[in-house]
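Please read the structure below before turning to the comments.
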Amino acid sequence: AGPALTWWRELAADSERLLGPAHPDTLAAGGRLAAVLLAAGQADQAVTWYVWLHSSRASMLGPDHPATIAAQVSLGRALSAAGQPGQALAALEEAAARSERACGPGDAGTVAAREAYAAALLAAGKTAEAIRLYKRLLADRERLHRPGHPGTVAVRLRLAGALLAAGKAKDAIAQHKTVLAGREQALGPDHPDTLAARAGLAAACDAAGQMGAALQLYQEACAGYERVFGADHPGTLACRADLARAYAAAGQAGEAVMLLRD
C-alpha cells in the first residue's frame, strides 16, 4: 500500500496543479487515492477525500448523476470503516433512494448502493433490518439474473452471514446448502468455487454448533482441495487448519494436534 499511496498522492497533486481541481482526471485520481487509503486501513483520510469527491461531482454533475451517487456510496463505505455508522447509514440510504429514483430499481448502481446499505446495517448491529434488505436484494437478483449468477450468490452468502449473526443458524445453513447445490450442479464437485462453498457450509455448521456435520464437510473440503491443488497448496493448508480447529472444538484434541503439526 505504501508505494501505491505515494503514487496516487503525487498523481492527484500533479493533476490538480496542471488541470485544476474540477478536471475529470483530477477527480479520477482523487477517487483512486481514496480507495487506496481505505484499502490501507486509513479510513479517516479516505473519508476526507470521498467527501471532496462527492461534493465536486455533485456541483458539476448534479446530485442524481450516477457518478455522484457512486461517490456517495464510496463515502458511505468509508464512513462505516471509519467507525461512523450513523453517518454511513444516512449517506448510503440517501444514495440508494436517489439511484432508485433516478435510474430505476434494476440499475447496477442502485443494486450496488442497496447492497452497501445492507452491509452497513449489519456492521451497525441492525441485523433484523439487514436481513430484510438482503432478502429483498436476493429476490431482485433472482428475478434479474439466473440463480447461479455471481451477484446472486454473493447476496445469498451475505444473507447467510446476517442470519447467522442473528442466531438463525438453520436458515443460514439452508442458504449455504443452496449455494453448494447450485455450484455442484453448474460447475462440478471439484471446481474451486464448489470447494469454497463446501468449506463455507462447514463453517456455518461449525458456528451453529453442529459439529458432526461440520467435521464431515471440512473433511470432504480438505480432500477436494488436496485432490485438485495438492497437499501443499495454501487453500489446502487453510482448510486443514479449519478442520483442526473444528476437531479441537469437538474435543478431539489428538486429531487437531496431528493436523496442525503436519
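Treat the numbers as computed from the prediction; the structure is a model and nothing was measured.
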Testing the basics here: between Arg240 and Cys222, what is the closest heavy-atom pair and its distance to 0.1 Å? N-SG, 3.5 Å

Under 4.5 Å between any side-chain heavy atoms of His191 and Val228, yes or no? no

Using the rule given for side-chain contact (heavy atoms from CB on, under 4.5 Å), can you reason through Ser74 versus Leu53, listing the C-alpha separation, both sets of side-chain angles and the distance that settles it, and then say yes or no? CA-CA 10 Å; Ser74 296; Leu53 180 64; over 6 Å; no

Spacing of CG belonging to Leu237 relative to CG belonging to Leu260, to within rounding of 0.5 Å: 11.0 Å

Within this structure, what is the NE2-SG distance for the pair His233 and Cys239, rounded to the nearest 0.5 Å? 12.0 Å

Hey, could you give me the CD1/CD distance between Ile69 and Glu94, rounded to the nearest 0.5 Å? 9.5 Å

Would you call the rings of Trp49 and Trp52 parallel, tilted or perpendicular if under 30° counts as parallel and over 60° as perpendicular? perpendicular

Quick check on the hydrophobic clustering: are Leu159 and Tyr117 connected, directly or via other members, by side-chain heavy-atom contacts under 4.5 Å? yes

Has Gln185 got more than 12 heavy atoms of other residues, nucleotides or ligands less than 6.0 Å from its CD? no

Could you check whether Asp190 pairs with Arg227 (Lys NZ or Arg NE/NH1/NH2 to Asp/Glu carboxylate O, under 4.0 Å)? yes

Using the rule that Ile, Leu, Val, Met, Phe, Trp and Tyr join whenever any side-chain heavy atoms are under 4.5 Å apart, tell me whether Val153 and Val155 fall into a single cluster. no

When hydrophobic residues are tied together by side-chain contacts of less than 4.5 Å, even through go-betweens, does Leu217 share a cluster with Ile173? yes

Whether Glu93 and Arg98 form a salt bridge (side-chain N of Lys/Arg under 4.0 Å from carboxylate O of Asp/Glu) is what I want to check. no

Heavy-atom pair with the smallest gap, counting every atom of Ala249 and Met211: CB-CE, 4.0 Å

Might you point out which heavy atoms bring Arg114 and Ala96 nearest each other, and give the distance in Å? CG-CB, 3.8 Å

Is a side-chain N or O of Thr236 found less than 3.5 angstrom from the main chain of Ala231, in a donor-acceptor match? no

Closest approach of Ala244 to Ala256 (non-hydrogen atoms, all atoms of both residues): O-CB, 3.3 Å

Please table the atom pairs, donor to acceptor, closer than 3.5 Å between any side-chain atom in residues 15-37 and protein atoms at least two apart or in another chain.
| unit_1 | atom_1 | unit_2 | atom_2 | d |
| --- | --- | --- | --- | --- |
| Ser15 | OG | Thr26 | N | 3.2 |
| Ser15 | OG | Thr26 | OG1 | 2.7 |
| Arg17 | NH2 | Asp14 | OD1 | 3.1 |
| His23 | ND1 | Asp25 | N | 3.0 |
| Thr26 | OG1 | Ser15 | O | 3.3 |
| Thr26 | OG1 | Gly20 | O | 2.8 |

With a 4.5 Å cut-off on side-chain heavy atoms, are Gln42 and Leu5 touching? yes

Check whether any side-chain N or O of Arg198 sits under 3.5 Å from a backbone N or O of Ala221 as a donor-acceptor pair, and report yes or no. no

Reported CD-to-CG distance for the pair Glu226 and Asp232, which is rounded to 0.5 angstrom: 9.0 Å

Once you round to the nearest 0.5 Å, how far does CZ of Arg245 lie from CG of Asp242? 5.5 Å

Heavy-atom pair of closest approach, residues Cys103 and Pro66: SG-CG, 4.2 Å

Checking side-chain polar atoms at under 3.5 Å, does Tyr247 have a donor or acceptor matched by the opposite partner on Gln219? yes

Report yes if some heavy atom in the side chain of Asp140 is under 4.5 Å from a heavy atom in the side chain of Pro105; otherwise report no. no

Can you find a heavy atom in the side chain of Arg156 that is under 4.5 Å from one in the side chain of Glu142? yes

Under the 3.5 angstrom rule, does the side chain of Thr68 hit a backbone N or O of Gly62 as a donor-acceptor pair? yes

List the atom pairs, with distances to 0.1 Å, where a side-chain N or O of residues 120-138 and a protein N or O form a donor-acceptor pair under 3.5 Å, not counting sequence neighbours.
| unit_1 | atom_1 | unit_2 | atom_2 | d |
| --- | --- | --- | --- | --- |
| Tyr134 | OH | Ala119 | N | 3.4 |
| Arg136 | NH2 | Glu100 | OE2 | 3.3 |

Linking I/L/V/M/F/W/Y whenever their side-chain heavy atoms sit closer than 4.5 Å, directly or via other members, would Leu201 and Leu164 fall into one cluster? no

Any chain of hydrophobic side-chain contacts (each under 4.5 Å) joining Leu75 to Trp8? yes

If you define the side chain from C-beta out and look only at heavy atoms, does anything of Gln87 sit under 4.5 Å from Val47? no

Check: Thr110 main-chain N/O paired with Ser99 side-chain donor or acceptor under 3.5 Å: yes

Of the non-hydrogen atoms in Gln175 and Leu163, which two are nearest, and what is the gap between them? CG-CD1, 4.0 Å

Measure the CZ-CG distance between Phe229 and Leu195 for me, rounded to the nearest 0.5 Å. 6.0 Å

Can Glu115 and Arg141 be counted as an ion pair, charged N to O under 4.0 angstrom? yes

